[in-house]
*Asks:* 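Pasting a structure below so you can have a look.
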Amino acid sequence: MLLDRIRFIVIVETGLLGLTYHAWLFYLLAALAIGAGVGTITRKNPVTSAFFLILHFIFLAGLYASLHAHLLAVMQVLVYAGAIMVLVLFVIMLLNLGKEPESQQSEQVVIRKIAGYSFSAVMLVMVGLAALLSMDKGNTMMTTMADNVDTLGTAESIGAEMFTTYLFPFEAVSLLLLAAVAGSILLAKKRLMN
Amino acid sequence: MTGDLYSALPIVLMSSASIIGLLVDVFTPGRTKGMFGWTIFSLLMMMGAAVLTFGAEGTAFSNMLTVGGYATYFDVLFGVGALMSIVAARPMLQRHGYEYKEYYSLTLFAVAGMMLMAHANHLLIAFIGIEIMSISFYVMSGFFRSNTFSVESSLKYFLLGAFATGFLVYGIALIYGSVGSMSYTDMYTVAMESEITLKNLYWVGIGMLLVGLSFKVAAFPFHVWVPDVYTGAPTVVTAFMSTAGKAAAFSVLIPVVAVVLPEIETMERIQMLIAVIAAMSMLYGNIGAISQTNVKRMLAYSSVAHAGYLLMGVAVGTDAGQQAVMYYLTAYMFMQVGAFVVAAIVESKPGEDCTLEDYKGLSKRNPGLAACMAVFMLSLTGIPFLVGFFGKYYIFKAAIEADMIWLTIVGVVASVISVYFYLGLIVKMYFQDREDEVPAALPGGIANLTLIVTVVGVLVLGFFLDYSVLPTITF
């Protein structure tokens with residue numbers, strides 16, 4: 001009974017059978033990105049973590065590309081997988097981070113670990129279930145999107161949106177960056193003048 | 001475009017002022033007076049602009065910002081909070097030798113961020129505002145750079161805050177995916193006509209958004225950072241972020257809840273969810289505060305409880321509920337800033353003289369300070385005819401009118417519990433003496449000005465501010 005029900009949900013309600021190759025690609029890349037993300041946080045060696053993160057960014061770029069956001073995909077690789085990750089590796093090198101020391105397994109740590117794992121499991125099941133149940137409609141949306149490929153995700157359409165509808169948030173982000181710069185200088189500068 | 005600039009004048013002024021502030025910083029080397037003056041001046045200008053644009057209606061910048069009414073009320077509230085805390089901060093930072101001009105710049109940035117939150121008509125703007133405010137707070141709580149507790153509080157706040165940001169962004173992304181827009185107006189229309197395409201994802205998204213916002217308002221299951229951060233951060237910073245910061249988070253929460261409420265099914269679930277969080281926060285905060293020996297820590301726990309009272313007003317979801325929340329936030333601004341400024345003046349070195357024992361016999365050493373603290377404590381308890389009483393009264397009234405009787409009972413019980421520790425501090429100050437000789441607290445300088453303003457506010461605001469005229473937000 002239950003198995004039948006599950007098979008029904010997986011095959012019929014989610015519409016896995018009717019997936020286009022586009023959608024298959026999307027789900028494959030999404031799974032790989034999640035895998036790389038898990039790799040990032042579970043590895044003990046920071047350099048390995050960083051490389052998993054690069055992998056994650058690249059899969060993410062693939063996701064964008066599969067959704068026709070080609071400009072975004074290129075940006076993702078250039079900015080995140082390229083520039084930002086170089087900085088991260090530099091910091092790892094400068095701080096001379098080795099392997100993370102083995103933490104002592106006191107009772108409290110174990111309880112915290114169990115709590116953390118079960119919380120993540122609940123979150124994963126919740127989001128996963130919600131996604132699974134919406135898959136059918138999501139696939140339709142993906143197909144409609146594929147019909148509008150010409151107008152989506154090009155440099156032109158992103159630029160036009162960014163400087164008309166999203167002009168204000170675009171400017172507000174510069175305020176955010178400025179505040180962050182001023183704050184980090186304050187915290188990091190050796191000698192401050194009164 | 002020009003019309004947009006005018007109707008969003010407060011926010012335009014404040015963002016420009018915070019950027020110019022960095023330049024003022026450069027051109028007045030060696031002195032902090034110029035920067036201090038600039039901060040006061042720009043805050044006053046912003047409040048003036050807010051009053052001027054109070055009557056504006058609708059939205060600006062292609063539906064990104066709400067202008068006038070609701071948002072400008074919050075602008076003035078943030079302005080008042082920032083002014084009070086800045087005036088108190090200058091002598092206190094000087095006392096501990098940390099008066100860097102960046103403090104003023106960061107305050108201006110934080111206020112600009114809060115205003116974005118209050119003005120937001122789009123989840124993207126709300127998010128950017130939250131981030132600007134939070135980043136300023138992370139830095140400000142680590143402002144005593146060589147004090148371990150201050151640095152610890154900054155790091156804790158940053159790590160947990162970044163985690164909460166993750167929830168916020170994920171929630172926003174899921175909502176965008178399911179509704180097809182991040183604008184409040186569109187979200188409202190979609191919810192109104194029950195046309196959410198991906199309902200399950202919408203639900204998860206709203207849940208995550210609430211988690212992120214509950215973190216920012218310091219409500220119960222997401223409050224763990226509050227005691228450590230509020231205790232470790234410089235006291236004047238705590239005064240600012242526990243009041244204005246909380247008000248800003250509520251200024252986002254109110255419209256977000258109003259947007260998702262129209263659907264009947266949604267309404268019941270959301271109301272229940274928020275009501276449970278509110279009840280837990282009230283009980284947990286007040287019970288937790290009882291066992292504290294550090295005054296700042298006690299106030300931090302009580303801040304969790306006050307988030308609970310405020311959430312009660314949000315859970316009600318009516319106009320009266322919204323107005324009661326705004327009234328309570330105003331009241332809370334005065335009493336909490338006052339209480340923390342007294343704590344800051346009593347504190348001789350960062351993190352010292354903060355225990356309840358240190359407040360013994362304060363009425364003999366510093367009668368004025370003790371009297372102020374007593375007024376704030378009574379108001380926080382909700383003793384009649386101080387502003388805190390009116391705040392609680394309106395919240396409870398709104399809850400009863402909306403048939404949330406059980407929640408009101410929990411609220412009253414929680415308030416009764418809070419009498420113990422608030423009055424406990426008064427007893428320590430007035431009826432107990434210390435055996436050893438303790439010198440009187442150092443003079444507060446212009447921080448006394450803040451104290452006078454807050455005391456007067458707490459005493460008279462209840463009679464002059466009519467909660468039923470406060471602007472509400474509707475879509």
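The shown structure was predicted, so the numbers you read here are calculated from the model rather than taken from an experiment.
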*Asks:* Tell me the closest heavy-atom pair linking Leu22(B) and Ala182(A), and the distance in Å.
*Replies:* CD2-CB, 4.1 Å
*Asks:* I'd like to check Met208(B) versus Val127(A) (side-chain heavy atoms, cut-off strictly below 4.5 Å). Are they in contact?
*Replies:* yes
*Asks:* Side chains of residues 105-121 of chain B: which donor-acceptor partners sit under 3.5 Å, not counting sequence neighbours?
*Replies:*
residue   : atom : partner   : partner atom : Å
Thr107(B) : OG1  : Tyr103(B) : O            : 2.8
His119(B) : ND1  : Thr66(B)  : O            : 2.7
His119(B) : NE2  : Asp75(B)  : OD1          : 3.3
His119(B) : NE2  : Asp75(B)  : OD2          : 2.7
Asn121(B) : ND2  : Asn63(B)  : O            : 3.2
Asn121(B) : ND2  : Thr185(B) : OG1          : 3.0

*Asks:* Kindly indicate whether the side chain of Phe170(A), heavy atoms from C-beta on, has any atom under 4.5 Å from the side chain of Leu124(B).
*Replies:* no
*Asks:* Could you give the distance from CE (Met140(B)) to CG (Leu187(A)), rounded to the nearest 0.5 Å?
*Replies:* 12.0 Å
*Asks:* At what distance, to the nearest 0.5 angstrom, does CD1 of Ile130(B) lie from CG of Leu176(A)?
*Replies:* 11.5 Å
*Asks:* Look at the rings of Tyr166(A) and His122(B) and say which category their plane angle falls in: under 30° parallel, 30 to 60° tilted, over 60° perpendicular.
*Replies:*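 Tyr166(A) vs His122(B) ring planes: perpendicular.
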*Asks:* Of the backbone (N, CA, C, O) and the side chain (C-beta and beyond), which part of Tyr170(B) lies under 4.5 Å from a heavy atom of chain A, both, or neither?
*Replies:*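 When you check distances to chain A, only side chain atoms of Tyr170(B) fall under 4.5 Å.
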*Asks:* Run the side chain to side chain contact (heavy atoms under 4.5 Å, CB included) test on Ser62(B) and Leu167(A) for me, step by step, so that the C-alpha distance in whole Å, both residues' side-chain angles and the decisive distance to 0.1 Å come before the verdict.
*Replies:* CA-CA 9 Å; Ser62(B) 36; Leu167(A) 178 65; over 6 Å; no
*Asks:* Within the supplied structure, the quantity of interest is the number of heavy atoms (other residues, nucleotides, ligands) at a distance under 6.0 Å from Met75(A) CE; does it exceed 12?
*Replies:*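 Open: at most 12 neighbouring heavy atoms sit under 6.0 Å from CE of Met75(A).
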*Asks:* Need one label for Ser174(A): side chain, backbone, both or neither, based on atoms under 4.5 Å from any heavy atom in chain B.
*Replies:* neither
*Asks:* Should we say atom CZ of Phe59(A) is surrounded by more than 12 heavy atoms from elsewhere, each under 6.0 Å from it?
*Replies:*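 Yes, enclosed.
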*Asks:* So do the side chains of Phe143(B) and Leu186(A) get within less than 4.5 Å of each other, counting heavy atoms only?
*Replies:*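 Yes, close enough: below the 4.5 Å cut-off.
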*Asks:* Within this structure, what is the CD1-CZ distance for the pair Ile125(B) and Phe168(A), rounded to the nearest 0.5 Å?
*Replies:*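 Rounded to the nearest 0.5 Å, the CD1-CZ separation comes to 5.5 Å.
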*Asks:* If I compare all heavy atoms of Met64(B) with all of Pro169(A), which pair ends up nearest, and what's the gap?
*Replies:* SD-CG, 3.7 Å
*Asks:* Which atoms of Leu201(B) are under 4.5 Å from chain A, going by heavy atoms: the side chain, the backbone, both sets, or neither?
*Replies:* both
*Asks:* Identify which part of Phe167(B) has an atom lying under 4.5 Å from any heavy atom of chain A, answering side chain, backbone, both or neither.
*Replies:* side chain
*Asks:* Given that the side chain runs from C-beta out, which part of Phe127(B) has a heavy atom under 4.5 Å from chain A: side chain, backbone, both or neither?
*Replies:* neither
*Asks:* Gly205(B), Ser154(B), Ser15(B): which one forms the most heavy-atom pairs within less than 4.5 Å of chain A?
*Replies:*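 Between Gly205(B), Ser154(B), Ser15(B), the count favours Ser15(B).
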